Amino acid sequence: MKRIYKWMILSLVVLITLSILLIKPDPTRKHSQIKTASHQLLSSPTTDRARYNPGQHIAFSIRTKEKAVQLTVRYYHLNKKIDQQSFIYKQASSHSWKWLPPNKDNQGYLAVVEARTSTKTQTETIAVDISSNWRKFPRYGFLSAFPTMSQAQINQTIARLNRFHINGLQFYDWSAKHHRPLTIANGTIPNSWTDIANRPIEKKTLLSYIDAAHQRAMTAMSYNLIYGALANSEQDGTERSWFLFKDSNHNQVDVNPLPDGWKSAIYLMNPANQGWQDYLIHQQEQVYTYLPFDGWHVDQLGDRGEVYDNDGHPVALADSLGPFLTRVKATIPNKSLVMNAVGQFGQPSIAKAPVDFLYTEVWDNQNPDYIDLKKIVDTNTQLSSEEKNTVLAAYMDYDHSGSFNPAGVLLTDSVIFASGGAHIELGEHMLSKEYFPNRDLTMNALLSQTLIRYYDFMTAYENLLRDGTQNTGVQADSSEQIPISYEPKQGHLWVFAKKKTTHKIIHLINFLDADSMKWRDRNGTQPEPQERRDLDFTLYDSKPVKQVWMSSPDLEKGQAIPLSFKQKDGKIHVILPSIRYWDMLVLDYK
């Protein structure tokens with residue numbers, strides 16, 4: 001993305017250890033923690049799609065590993081059980097079943113799958129999203145390599161992303177040229193070509209990936225710049241008068257250099273120029289004619305300083321983006337549209353355009369701290385009049401080598417998810433750079449398993465995290481003498497709250513052991529926070545409370561846990577079972 005490709009990597013290797021606790025869940029009692037069984041009864045459950053339309057059955061799959069397993073599946077919306085199914089499997093084998101949720105759009109659910117034999121019990125969970133499209137609750141992923149691939153490889157990648165409930169994919173750098181993505185001859189496109197970095201691109205791979213994504217109800221987005229052209233683009237029908245210039249005499253075209261060995265630098269066009277708009281919109285229509293993409297992920301390069309049009313007039317670049325997008329949507333109304341606001345550049349203009357949601361590429365030279373992530377989500381909500389959710393591109397462990405540091409990733413995801421945003425980070429690999437094909441860092445298998453819990457949590461509780469919640473005040477004390485702060489602060493428990501109808505949602509994020517408040521965790525040094533248990537809190541709230549419950553991606557596999565509480569004289573006394581990275585405490589008012 002987001003070019004000015006920076007990819008100098010240090011050569012240190014970091015060994016990562018991460019404990020995963022298997023918790024025996026039972027939402028009718030206080031939590032308990034058990035060790036991972038040496039022999040499990042069943043595999044983690046999967047679903048056949050990343051999202052479902054109202055009225056559509058969900059198909060679950062699981063593999064039992066012993067004979068005579070009794071399976072009980074309980075379905076929850078937030079903390080309320082809405083349905084239950086039971087099955088008996090006599091053989092160790094793969095099994096599947098279907099469930100029809102309530103016929104209501106934009107709802108998140110958690111399926112709690114409990115397996116029993118005469119001597120053992122195991123519980124797993126998986127989330128379900130009932131949404132007629134991805135716009136309300138985007139969970140964005142990416143693909144960035146399209147060489148010759150087997151169908152098995154493609155299916156494996158898409159199935160893995162499906163387990164994270166990724167419902168949209170950015171197909172990054174697939175085109176031959178930014179200004180002319182496809183070369184069309186005699187009504188056909190070639191079977192293969194090279195991208196801007198001269199990497200091989202196979203049409204069959206693209207088509208297979210798009211088809212596999214569609215089978216999982218994932219939106220396939222075609223990547224391209226809003227104003228990019230390669231060298232000698234005038235041979236393909238562009239005009240010099242369409243360029244952006246660095247001087248009022250239109251002598252110096254604005255150019256973004258790229259590494260040696262690539263096809264070309266990127267020469268910038270004026271997105272306010274109608275001739276260029278007509279040209280690029282036509283190119284995008286050609287893309288849709290030959291490749292069944294569902295929409296266009298539009299990119300930019302951020303603030304370019306003073307730039308001019310061919311007549312020597314200054315171009316208000318930030319203000320030109322929204323009108324161009326509006327024209328794209330008017331011309332191609334049935335396709336999705338998303339645009340990257342690099343460092344929030346142009347976001348006020350983009351937010352007024354008919355984009356599906358707001359997308360910000362966050363740079364730590366402008367927004368380095370955890371609080372900045374929440375501020376960006378809040379700002380985007382305000383800019384869109386509370387109508388559009390946010391996805392952040394925030395690249396982790398930027399100067400690190402070896403493997404991603406789980407603690408830094410999980411703290412940053414906790415902040416983004418609790419703030420109401422999503423994080424584009426998952427594809428064939430995990431993102432650490434703005435150039436998406438870069439894969440110098442690897443994701444440990446245990447981090448991958450933990451992130452599944454986090455994405456389950458974001459999906460199951462989407463109606464409290466991303467569905468019209470508003471910031472509200474909160475005051476809390478801890479008898480455990482744990483330092484509490486109402487903004488992210490090193491050595492403190494960050495507490496902030498949101499409200500929705502009869503709910504007050506209090507987020508607690510653990511910075512008690514943090515070595516830095518910089519979200520990027522550039523060198524992978526953020527330590528794993530210690531788990532604290534049985535935390536005694538007093539909340540100040542005079543509104544009558546009906547019930548108090550909590551949930552966490554770090555506890556009971558995301559199940560809702562009812563909490564005993566006492567309310568008197570405007571004070572609510574409650575004991576939180578534990579906290580590791582992030583807990584969500586919910587007050588349900590009478």
Side-chain angles (χ1 to χ4, degrees), residues 21 23 25-33 78-80 370-371 374 378 410-411 414-415 417-420 457 461 463-465 469-514 517 528-556 558-590:
L21 295 174
I23 311 294
D26 182 351
T28 64
R29 62 168 175 80
K30 289 188 176 181
H31 80 292
S32 64
Q33 297 178 335
L78 304 182
N79 64 326
K80 297 178 181 179
Y370 289 110
I371 189 61
K374 183 177 186 300
D378 289 345
L410 296 175
L411 275 174
S414 295
V415 172
F417 296 175
S419 300
F457 189 86
Y461 297 101
N463 299 109
L464 292 184
L465 295 172
T469 56
Q470 298 176 328
N471 289 320
T472 191
V474 63
Q475 184 180 355
D477 291 330
S478 170
S479 63
E480 307 295 324
Q481 297 183 337
I482 288 178
I484 291 174
S485 175
Y486 301 111
E487 287 198 354
K489 188 175 181 181
Q490 191 172 347
H492 288 67
L493 188 67
W494 179 26
V495 179
F496 69 94
K498 297 197 173 191
K499 62 180 179 179
K500 180 186 178 184
T501 57
T502 60
H503 303 290
K504 185 170 187 176
I505 307 108
I506 301 169
H507 296 287
L508 304 97
I509 298 180
N510 185 3
F511 292 113
L512 293 167
D513 306 299
M517 298 309 291
E528 179 182 354
Q530 299 179 35
E531 182 184 33
R532 271 78 173 181
R533 297 188 181 184
D534 299 323
L535 304 178
D536 197 330
F537 283 98
T538 299
L539 306 171
Y540 296 84
D541 199 317
S542 59
K543 294 181 68 174
V545 171
K546 178 173 59 176
Q547 58 182 346
V548 178
W549 58 279
M550 69 153 291
S551 186
S552 170
D554 307 313
L555 181 65
E556 302 271 9
Q559 294 183 74
I561 303 169
L563 301 179
S564 299
F565 71 99
K566 295 180 181 179
Q567 184 174 26
K568 185 178 180 181
D569 299 330
K571 298 180 181 179
I572 301 171
H573 177 75
V574 64
I575 296 178
L576 206 64
S578 72
I579 187 168
R580 186 176 292 275
Y581 290 94
W582 167 32
D583 284 356
M584 181 177 73
L585 182 64
V586 183
L587 310 182
D588 290 339
Y589 293 121
K590 294 180 180 178

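Please read these numbers as outputs of a predicted model, since none were measured by experiment. The residues of the chain are indexed from 1 along the displayed sequence.
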Distance (rounded to the nearest 0.5 Å) between [X] [atom1] and [Y] [atom2]:
| X | Y | atom1 | atom2 | answer |
| --- | --- | --- | --- | --- |
| Glu531 | Arg533 | CD | CZ | 4.5 Å |
| Ile509 | Ser419 | CD1 | OG | 6.5 Å |
| Met517 | Leu411 | CE | CG | 8.5 Å |
| Lys590 | Thr502 | NZ | OG1 | 13.0 Å |
| Lys374 | His507 | NZ | NE2 | 9.0 Å |
| Leu585 | Ser552 | CG | OG | 11.5 Å |

Checking Lys543 against Val545 for the side-chain contact (heavy atoms from CB on, under 4.5 Å) test, could you report, in this order, the C-alpha distance in whole Å, the side-chain angles of both residues, the deciding distance, and whether it holds? CA-CA 6 Å; Lys543 294 181 68 174; Val545 171; 5.7 Å; no
Results of ring pair (Phe, Tyr, Trp, His ring centres under 6.0 Å) for Phe417 - residues two or more places apart only: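 Scan of Phe417 (ring pair (Phe, Tyr, Trp, His ring centres under 6.0 Å), adjacent residues dropped) gives Tyr455.
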Any sub-3.5 Å donor-acceptor pair from [X]'s side-chain atoms to [Y]'s backbone N or O?
| X | Y | value |
| --- | --- | --- |
| Gln530 | Leu512 | no |
| Tyr461 | Gly558 | yes |
| Asp583 | Leu508 | no |
| Lys566 | Lys571 | no |
| Glu556 | Ile561 | no |
| Gln547 | Val586 | no |
| Asp588 | Lys546 | no |

Taking everything shown except Lys489 itself, do over 12 heavy atoms lie less than 6.0 Å from its NZ?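 Count not over threshold, so no.
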Report yes if the side chains of [X] and [Y] come closer than 4.5 Å at any heavy-atom pair, otherwise no.
| X | Y | answer |
| --- | --- | --- |
| Glu528 | Arg580 | yes |
| Phe537 | Leu563 | no |
| Leu78 | Ser551 | no |
| Met584 | Ile505 | yes |

Applying side-chain contact (heavy atoms from CB on, under 4.5 Å) to Leu539 and Leu587, what does each step give before you reach the verdict? CA-CA 10 Å; Leu539 306 171; Leu587 310 182; 4.1 Å; yes
Provide the closest heavy-atom pair for [X] versus [Y] in the form atom of the first, atom of the second, distance.
| X | Y | value |
| --- | --- | --- |
| Asp541 | Tyr589 | OD2-OH, 2.5 Å |
| Ala497 | Lys504 | CB-CE, 4.1 Å |
| Ala476 | Tyr486 | N-OH, 2.9 Å |
| Asp378 | Lys498 | OD1-NZ, 4.3 Å |
| Glu480 | Leu535 | CG-CA, 4.1 Å |
| Phe457 | Pro553 | CD1-N, 3.6 Å |

Taking side-chain hydrogen bond (donor to acceptor under 3.5 Å, both in side chains) as the definition, give me every residue that meets it alongside Tyr540, ordered by chain and number, with sequence neighbours left out. Asp477
Could you please spell out the steps behind the side-chain contact (heavy atoms from CB on, under 4.5 Å) verdict for His573 and Asp536? CA-CA 8 Å; His573 177 75; Asp536 197 330; 2.5 Å; yes
Verify side-chain contact (heavy atoms from CB on, under 4.5 Å) between Leu555 and Met550, making sure each step is shown before the conclusion. CA-CA 10 Å; Leu555 181 65; Met550 69 153 291; 3.9 Å; yes
With Tyr370, the ring pair (Phe, Tyr, Trp, His ring centres under 6.0 Å) member among Phe496, Trp494, Trp582, Phe511: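 The single option meeting the ring pair (Phe, Tyr, Trp, His ring centres under 6.0 Å) with Tyr370 is Phe511.
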Run the salt-bridge test on Arg532 and Asp513 with the 4.0 Å N-O cut-off and return the result as yes or no.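 Yes.
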